[in-house]
Amino acid sequence: MAPDNSENGIEYEPIGVIHTPYDSLEGMPIQPTGARGTRGTVVLDEEYADGLADLEGFSHCYLLYHFHGSDGDARTTVEPFLNASERGLFSTRAPRRPNAIGLSVVRIESVDGSTLKVRDVDVLDGTPLLDIKPFVPAFDVPSEVEAGWIDEADEDPERRRSDDRFL
Ligand SMILES: C[S@@+](CC[C@H](N)C(=O)[O-])C[C@H]1O[C@@H](n2cnc3c(N)ncnc32)[C@H](O)[C@@H]1O
C-alpha cells in the first residue's frame with residue numbers, strides 16, 4: 001500500500017527490490033559504464049506490476065533506489081572514488097548523502113509480469129527500489145554538457161572499482 005505522505009515530512013516505501021551479482025561493496029563498479037553487461041533483476045511488488053506496461057518499448061530506464069548499505073549523512077564534503085581530494089557532496093554521486101538516494105540508467109532486456117530484467121547495473125544485491133522512469137533522450141540529454149571536476153578526474157570511471165569508504 002502506498003504510504004501516506006500528507007503530514008510531517010516525507011516517507012517512502014520501497015516498491016520492489018533490485019537483485020544483482022554484487023554482494024559486497026569491495027571491487028564492484030562505481031557507475032553503469034563500469035558495469036556494462038552485468039545482468040540484474042528488478043522485482044516489483046505485485047501491486048505495482050501493471051505499472052511496467054509499455055516500458056518494453058524503451059531501451060533504457062532510470063532506477064531510483066535507496067542506498068541501504070550506507071547510512072544517511074549530513075557531511076557536505078566527500079572524497080569521491082574518482083579523485084583523491086575532497087569535493088562538495090552535491091558535485092559527486094557518492095552513496096553517503098543526507099537522503100541516500102541513488103539513480104542508475106540501465107538497459108532494459110525484458111519485462112515479464114512483475115519482473116524487469118536489466119543490464120549495466122551498479123548497485124548492491126538487495127537494494128530497495130523507489131521508482132522506475134523511462135530514459136528519454138529528448139527529455140534528458142542536453143545539447144551541451146560539461147562534467148566539472150569529473151572531466152578532469154584522476155581515474156577512469158569505467159575501470160575504477162568501489163571500496164567501502166561510504167559505509
Ligand atoms: C558511486 S555510487 C553511484 C550509484 C548511482 N549510479 C548514482 O549515480 O547514484 C555506486 C557505488 O555505491 C555503492 N553502492 C551501490 N549500491 C549500494 C547500496 N545499496 N548501499 C550502499 N552503497 C551502495 C557502491 O560502492 C557502488 O560502487
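We number each residue from 1, following the sequence as shown. Note that ligands are numbered from 1 as they come in the structure, with each ligand's atoms numbered from 1 the same way.
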Could you list the residues that satisfy side chain to side chain donor-acceptor pair (under 3.5 Å) with S110, not counting sequence neighbours?
none
Other residues, nucleotides, ligands: >12 heavy atoms within 6.0 Å of E146 CD:
no
Give me each pair satisfying salt bridge (Lys or Arg N to Asp or Glu O under 4.0 Å) with a member in residues 99-118, each pair once, sequence neighbours excluded.
R39-E109, E109-R119
Neighbouring protein residues of ligand 1 - any heavy atom closer than 4.0 Å
L25, M28, P29, I30, Q31, P32, Y65, F67, H68, G69, S70, F81, R93, P95, G102, L103, S104, D122, V123, L124, T127, S162
Using only atom types and a distance under 3.5 Å, with no angle test, would you say the side chain of R161 pairs donor to acceptor with the backbone of G34?
yes
What's the spacing between L44 CG and T115 OG1 if we round to 0.5 Å?
8.5 Å
Which Ile, Leu, Val, Met, Phe, Trp or Tyr residues join L89 in one cluster when any pair of side-chain heavy atoms under 4.5 Å counts as a link?
I30, V78, F81, L82, F90, W149, I150, F166
